[in-house]
Number of protein chains: 2
Amino acid sequence: METRELRYFVAVAEESHVGRAAERLGMAQPPLSRAIAQLERRLGADLFVRTPRGVTLTSVGETLLREGRAALAAVEAAERRTRRTAEAGGRAPVVLTAKAGASSELMAKLLDAYAAEPDAVEVEVILSPPGHQAAMLRDGRADVAILHHPFDDLSGFDTDPLFVEEQVLILPAGHPWSTRPSLTVAEATSVPDLPPPRWPALDGSYPDGPGPELRDLTQVLQLVRLGRTALVLPESVRADLRDGLAVVPLSDAPRVTTVIAWPPHSTSTGVAGLVRTAARL
Amino acid sequence: METRELRYFVAVAEESHVGRAAERLGMAQPPLSRAIAQLERRLGADLFVRTPRGVTLTSVGETLLREGRAALAAVEAAERRTRRTAEAGGRAPVVLTAKAGASSELMAKLLDAYAAEPDAVEVEVILSPPGHQAAMLRDGRADVAILHHPFDDLSGFDTDPLFVEEQVLILPAGHPWSTRPSLTVAEATSVPDLPPPRWPALDGSYPDGPGPELRDLTQVLQLVRLGRTALVLPESVRADLRDGLAVVPLSDAPRVTTVIAWPPHSTSTGVAGLVRTAARL
DNA sequence: GGGGTCGATACCGCGGCGGTATGGGGCCAG
DNA sequence: CTGGCCCCATACCGCCGCGGTATCGACCCC
């Protein structure tokens with residue numbers, strides 16, 4: 001199976017519509033129809049059922065969509081990581097990704113410590129919205145990630161724990177609850193008049209809801225200060241807080257473990273060095 | 001990047017020789033040379049250095065080999081799993097793999113319990129030599145595996161622990177050490193006159209050494225009985241032992257955890273059901 | 001029943017893949 | 001030093017197959 005076929009198939013599956021998929025792929029509809037038919041013939045099974053309004057996946061098609069997406073991500077990762085080491089003249093740089101604004105103190109310590117290593121390579125840091133780190137590791141846009149258990153999906157990666165902390169609710173200063181000694185998770189997730197913020201999904205769109213649309217932590221803290229939202233965060237954010245914010249511990253929230261994660265087959269010296277450094281912190 | 005290019009590249013990298021790689025791929029040498037040159041041009045970097053005796057990987061090439069192998073395995077997995085659900089008429093069967101001979105009692109219980117589930121699908125069991133399970137999960141020959149921590153490489157998979165046990169040394173009955181109350185790992189790994197057995201590597205070849213070449217547990221137990229080898233195993237093998245064998249506990253060996261493992265993106269109902277059943281055992 | 005919206009089919013042109021033949025550099029034996 | 005050998009690269013060619021346009025056929029809805 002060629003990646004071209006997989007790309008075509010995934011496009012059609014995602015659009016549920018051959019014509020739109022062809023447009024997205026920058027080609028005409030007939031060759032795409034034929035490519036899909038040919039793939040079905042080679043696999044010996046229908047991938048789509050044709051309906052008057054477009055196409056729908058069969059259960060075989062669903063399997064191929066799931067597996068094919070993972071395969072395409074792996075191929076993209078191979079190409080991206082190869083290009084990156086090529087651009088660096090063979091000395092593969094390391095791309096580290098983390099949630100925008102989170103764990104800044106820890107990351108600074110980690111990057112400083114690693115830079116002091118004798119065989120350190122260049123580290124590029126990419127801050128992206130929560131939830132995007134795993135996808136970036138999978139498709140090669142990043143080589144290492146700072147993630148937070150149990151919030152992030154660690155499956156499929158090797159990880160080392162960095163540290164453990166409690167969670168707190170961030171409120172506007174002066175909010176009636178800001179003087180409470182502690183809150184429960186149930187209370188914290190439904191603060192009266194302060195809807196939780198919404199974060200972008202992997203495709204950049206936002207889920208429905210009353211809360212504000214946000215991309216990083218400084219934005220959200222500003223909106224908390226303005227009394228527009230409230231949210232639960234690891235307590236280490238205290239270090240980044242300015243005036244105008246109140247912090248209330250949560251009594252029954254699970255502890256958050258910050259971990260460093262990397263793809264299991266990665267054997268690059270940069271990743272290994274960074275992980276080794278992290279383990280010593 | 002197309003999978004055809006990746007296959008070509010991996011073949012050349014593995015053979016370190018364009019001509020032999022072409023032969024292995026069933027094609028002539030010139031088109032392969034050209035395909036590699038084209039790939040290098042598109043990536044903008046040399047993947048091989050040409051030597052008088054063949055070719056060697058550059059550091060960029062090493063990156064592509066590592067990542068490309070993973071990508072090819074993912075593509076193969078997509079195709080294999082799709083074909084499998086196609087052959088089963090859409091009701092994806094589950095392929096479970098385990099070390100030949102190991103954990104037979106546990107597996108019997110698991111398969112029985114799962115078969116009693118209302119929505120159970122067909123489970124095919126593939127027993128293969130130790131160390132092959134991870135590769136089978138990765139390239140789609142299997143969907144679930146029974147593995148043993150810390151011996152097997154669990155990285156890249158989701159796992160659930162099934163149970164924990166001690167390790168024992170299996171000796172021929174009547175061996176001088178067979179009456180010892182316990183042994184250390186250091187002693188057990190160098191039993192006088194009884195070299196440890198050798199297991200096949202992923203490519204089917206055997207490492208060098210004095211021990212016998214083996215593929216499964218019944219074979220090895222027979223050879224122990226004949227006084228040709230001795231080896232360390234989890235103590236649950238006691239259930240499978242017949243006469244002629246002695247068992248000595250190891251005092252300082254790490255405990256073995258039997259786990260059920262599956263690829264993180266697998267969402268098939270079969271895998272989910274099997275894992276759920278396993279968790280209840 | 002007609003127009004609109006789909007995907008499938010028919011047919012064509014061309015890029016690119018793989019084939020054979022050959023070139024050219026490096027190494028070694030004589 | 002040189003002929004022969006072992007490699008990989010280049011040159012050239014034929015054909016498969018991909019993608020394009022035009023059109024058909026099925027289905028739905030007004």
Side-chain angles (χ1 to χ4, degrees), chain A residues 1-62 64-65 68 71-72 75 79 86, chain B residues 1-62 64-65 68 71-72 75 79 86:
Chain A
M1 205 162 12
E2 291 303 312
T3 59
R4 182 181 53 84
E5 305 178 272
L6 272 182
R7 270 190 291 266
Y8 288 2
F9 167 75
V10 170
V12 173
E14 286 179 351
E15 298 286 344
S16 294
H17 191 288
V18 181
R20 277 196 303 272
E23 192 181 352
R24 193 173 111 186
L25 292 165
M27 66 189 289
Q29 170 259 320
L32 182 55
S33 271
R34 198 184 37 189
I36 297 293
Q38 191 169 317
L39 183 58
E40 288 177 318
R41 221 175 311 124
R42 278 208 268 259
L43 290 171
D46 287 354
L47 297 169
F48 297 102
V49 291
R50 277 67 172 176
T51 74
R53 293 257 154 258
V55 296
T56 352
L57 283 171
T58 62
S59 71
V60 179
E62 280 169 16
L64 185 58
L65 179 59
L72 280 180
V75 173
E79 179 159 358
Chain B
M1 205 162 11
E2 291 304 310
T3 60
R4 183 181 52 84
E5 305 179 272
L6 271 181
R7 270 190 291 267
Y8 288 2
F9 166 76
V10 170
V12 173
E14 285 179 350
E15 299 286 345
S16 295
H17 192 290
V18 180
R20 277 197 302 273
E23 193 180 351
R24 192 174 112 187
L25 292 165
M27 65 188 290
Q29 169 260 318
L32 182 55
S33 272
R34 197 185 35 188
I36 298 293
Q38 192 169 317
L39 183 58
E40 289 177 318
R41 220 174 313 123
R42 279 208 268 257
L43 290 171
D46 286 355
L47 297 169
F48 297 102
V49 291
R50 276 69 172 174
T51 74
R53 294 256 156 257
V55 297
T56 351
L57 281 172
T58 62
S59 71
V60 179
E62 280 170 15
L64 185 57
L65 179 59
L72 280 181
V75 173
E79 178 159 0

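Numbered from 1 within each chain, the chains take letters A, B, ... in sequence-line order. Given the structure is predicted, the values throughout are model-derived calculations rather than measurements.
One interatomic measurement links the two molecules: CZ of Arg34(B) to C1' of dG15(C), which rounds to 12 Å at whole-angstrom precision. In this structure, the CD atom of Glu2(B) is 13 Å from the C1' atom of dG16(C), given to the nearest Å. With rounding to whole Å, Leu32(A) atom CG is found 16 Å from dT21(D) atom C1'. Distance CG (Leu39(B)) to C1' (dC17(C)): 15 Å, rounded to an integer number of Å. Computed from coordinates, the Ile36(B) CD1 to dC17(C) P distance equals 12 Å when rounded to whole Å. Across the protein-nucleic acid pair, Met27(A) atom CE and dT21(D) atom C1' stand 13 Å apart, rounded to whole Å. When the P atom of dA9(D) is taken as reference, atom CZ of Arg41(B) falls 11 Å away, rounded to whole Å. Whole-Å rounding puts the Leu47(B) CG to dC8(D) P distance at 15 Å.
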Please evaluate residues Glu2(A) and Arg7(B) with respect to the criterion salt bridge (Lys or Arg N to Asp or Glu O under 4.0 Å), reporting the C-alpha separation (whole Å), side-chain torsions for both, the decisive distance (0.1 Å), and the verdict. CA-CA 11 Å; Glu2(A) 291 303 312; Arg7(B) 270 190 291 267; 2.8 Å; yes

N/O donor to acceptor pairs below 3.5 angstrom from side-chain atoms of residues 27-39 of chain B, sequence neighbours left out:
from: Gln29(B); atom 1: NE2; to: Ser33(B); atom 2: OG; distance (Å): 3.0

Check nucleotides 3-7 of chain C against the protein and report each pair of N or O atoms closer than 3.5 Å, with its distance, or say if there are none.
from: dC6(C); atom 1: O5'; to: His17(A); atom 2: NE2; distance (Å): 2.9
from: dG7(C); atom 1: OP1; to: Val18(A); atom 2: N; distance (Å): 2.6
from: dG7(C); atom 1: OP2; to: Gly19(A); atom 2: N; distance (Å): 3.1

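Thr58(B) places no side-chain N or O within 3.5 Å of a backbone atom of Val49(B) that could act as its donor or acceptor partner. The backbone N or O of Arg20(A) sits nowhere less than 3.5 Å from a side-chain atom of Glu15(A) that would complete a donor-acceptor pair.
Within 6.0 Å of atom CD in Glu23(B), 12 or fewer heavy atoms from other residues, nucleotides or ligands are found, so the atom counts as exposed in its surroundings.
As judged by a 4.0 angstrom heavy-atom cut-off over every strand, Gln38(B) is placed among residues touching the sugar-phosphate backbone only. The residue Phe48(B) sits apart from the nucleic acid: no heavy atom pair falls under 4.0 Å.
Between Leu65(A) and Val10(A), some side-chain heavy-atom pair lies under the 4.5 Å cut-off.
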